[in-house]
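In the text below, chain A, chain B and the rest are named by the order of the sequence lines, each starting its count at 1.
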2 protein chains.
Amino acid sequence: MLTSVLTDELPRVLADPLRARIVEALAGEELCPCHLVAMTGARQTNISNHLRVLLQAGVVEAEPAGRYTYYRLRPEALAELARHYAALAERAGLTPRRRRPCS
Amino acid sequence: MLTSVLTDELPRVLADPLRARIVEALAGEELCPCHLVAMTGARQTNISNHLRVLLQAGVVEAEPAGRYTYYRLRPEALAELARHYAALAERAGLTPRRRRPCS
DNA sequence: CGGTTCAATCAGCCAATGCTGACATCAGTT
DNA sequence: AACTGATGTCAGCATTGGCTGATTGAACCG
């Protein structure tokens with residue numbers, strides 16, 4: 001079975017609780033790491049590491065602004081994953097209860 | 001910030017590559033562990049462990065049938081997560097580029 | 001009954017990864 | 001330049017969690 005970034009990397013990146021909180025915070029507005037540190041109580045180093053993971057996965061994008069760096073969400077990434085799960089749910093819901101015989 | 005099963009447990013459960021393959025396989029038809037062992041190449045013990053995780057998370061449900069046990073997907077779980085991600089994406093897409101000043 | 005097969009549980013191993021402290025870098029300020 | 005504050009990077013530690021072998025129980029069949 002073929003694996004893809006959609007079934008492997010994106011879900012794994014979004015599965016971490018702290019990263020999920022960061023994503024939710026960024027859904028409302030652009031934020032700097034300093035804001036996220038204040039909002040979550042996590043250390044700056046920790047936030048920076050998670051932002052790097054989110055960046056490499058294409059979930060967020062960064063825009064340096066002088067001394068600060070603003071991060072914003074890339075809605076396409078979340079929308080793509082949402083469509084994937086919705087498609088699975090629909091396929092499972094529509095499929096009649098077919099059973100493959102055992103051996 | 002309040003956490004929920006939707007932002008913590010469900011994504012974590014679906015993030016594992018082997019569990020993702022199981023979920024995709026179950027989206028098409030009901031299957032027994034023996035089928036999943038054959039399809040994935042994983043050991044029976046491993047499949048059984050993952051099915052237990054999926055069961056406890058409400059992603060699948062089991063129906064014992066004599067010597068076999070058929071598993072099927074619960075589409076509501078996937079649909080709920082899909083709606084969650086879609087809502088985040090929509091909120092991020094609609095929100096004007098608001099920026100909170102840095103302290 | 002045994003014997004066989006499917007499935008679940010358990011303890012142990014180990015790789016993956018989240019967290020941290022220490023340090024480096026850069027921008028703005030005085 | 002020197003200082004401060006915001007960010008990023010790196011190595012090490014510690015925990016999580018996936019994988020396995022061994023064992024057990026249950027359901028079928030001779």
Taking [atom1] from [X] and [atom2] from [N], how many angstroms apart are they, rounded to a whole number?
X: A/Asp8; N: D/dG18; atom1: CG; atom2: C1'; answer: 14 Å
X: B/Ile47; N: D/dC19; atom1: CD1; atom2: C1'; answer: 11 Å
X: B/Leu55; N: C/dA8; atom1: CG; atom2: P; answer: 9 Å
X: B/Gln56; N: D/dG17; atom1: CD; atom2: P; answer: 13 Å

Every protein N/O lying under 3.5 Å from an N/O of nucleotides 16-22 of chain C:
| from | atom 1 | to | atom 2 | distance (Å) |
| --- | --- | --- | --- | --- |
| C/dG18 | OP1 | A/Arg19 | NH2 | 3.2 |
| C/dG18 | OP2 | A/Arg19 | NH1 | 3.2 |
| C/dC19 | OP2 | A/Asn46 | OD1 | 3.1 |
| C/dC19 | OP2 | A/Asn46 | ND2 | 3.2 |
| C/dC19 | OP2 | A/His50 | NE2 | 2.4 |
| C/dC19 | O5' | A/Asn46 | ND2 | 3.3 |
| C/dT20 | O4 | A/Asn49 | ND2 | 3.4 |
| C/dG21 | OP2 | A/Arg43 | NH1 | 2.3 |
| C/dA22 | N6 | A/Thr45 | OG1 | 3.3 |

#### Entry: Partner set under side chain to side chain contact (heavy atoms under 4.5 Å, CB included) for B/Ala62, not counting sequence neighbours
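Applying side chain to side chain contact (heavy atoms under 4.5 Å, CB included) to B/Ala62 gives B/Leu55, B/Thr69, B/Tyr71.
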#### Entry: side chain to side chain contact (heavy atoms under 4.5 Å, CB included) involving B/Arg99 - partner list, sequence neighbours excluded
A/Glu30, A/Glu63, A/Ala65, A/Tyr70, A/Arg72
### Query
Out of curiosity, A/Thr95 OG1 to B/Leu73 CG, how far, rounded to the nearest 0.5 Å?
9.5 Å
### Query
Within the structure, does a side-chain N or O atom of A/Tyr70 lie under 4.0 Å from either OP1 or OP2 of D/dT7?
no
### Task
Return the set of residues passing salt bridge (Lys or Arg N to Asp or Glu O under 4.0 Å) with B/Glu9 (not counting sequence neighbours), or none when no residue passes.
none
#### Entry: Cluster overlap A/Leu10 with B/Ile22, hydrophobic side-chain contacts below 4.5 Å
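Yes, because A/Leu10 and B/Ile22 connect within a single hydrophobic cluster, where side-chain heavy atoms sit under 4.5 Å apart.
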#### Entry: Single-linkage hydrophobic cluster, 4.5 Å side-chain cutoff, A/Val37 and A/Tyr68 together
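The answer is no; the residues belong to distinct hydrophobic clusters.
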### Query
side chain to side chain donor-acceptor pair (under 3.5 Å): which pairs involve residues 35-46 of chain A, sequence neighbours left out?
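Applying side chain to side chain donor-acceptor pair (under 3.5 Å) to every pair that reaches into residues 35-46 of chain A, excluding sequence neighbours, yields A/Asn46-A/His50.
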### Task
Pick base, sugar-phosphate or nothing for B/Thr69, based on heavy-atom distances below 4.0 Å to the nucleic acid.
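Here B/Thr69 touches the backbone only, sparing every base.
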### Query
Considering residues at least two apart in sequence or located in another chain, which fulfil the side-chain hydrogen bond (donor to acceptor under 3.5 Å, both in side chains) criterion with B/Arg91?
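Result, side-chain hydrogen bond (donor to acceptor under 3.5 Å, both in side chains) vs B/Arg91: none returned.
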### Residues in side-chain hydrogen bond (donor to acceptor under 3.5 Å, both in side chains) contact with B/Asn49, at least two apart in sequence or another chain
B/Arg52
### Task
With a 4.0 Å heavy-atom cut-off, tell me which residues in residues 26-37 of chain A come close to DNA chain D, sorted by residue number.
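DNA chain D contact set from residues 26-37 of chain A: A/Cys32, A/Pro33, A/Cys34.
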Sub-3.5 Å pairs of nitrogen or oxygen atoms, protein against nucleotides 27-30 of chain D:
| from | atom 1 | to | atom 2 | distance (Å) |
| --- | --- | --- | --- | --- |
| D/dA27 | O3' | B/Arg67 | N | 3.4 |

### Task
Mark yes or no for whether B/Arg19, through its side chain, and B/Leu54, through its backbone, hold a donor-acceptor pair below 3.5 Å.
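Flag not set: sc B/Arg19 to bb B/Leu54 has no pair under 3.5 Å.
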Please tabulate, for side-chain N and O atoms in residues 74-88 of chain A, each donor-acceptor pair with protein atoms closer than 3.5 Å (sequence neighbours left out).
| from | atom 1 | to | atom 2 | distance (Å) |
| --- | --- | --- | --- | --- |
| A/Arg74 | NE | A/Gly58 | O | 2.8 |
| A/Arg74 | NH1 | A/Glu76 | OE1 | 2.7 |
| A/Arg74 | NH2 | A/Gly58 | O | 3.3 |

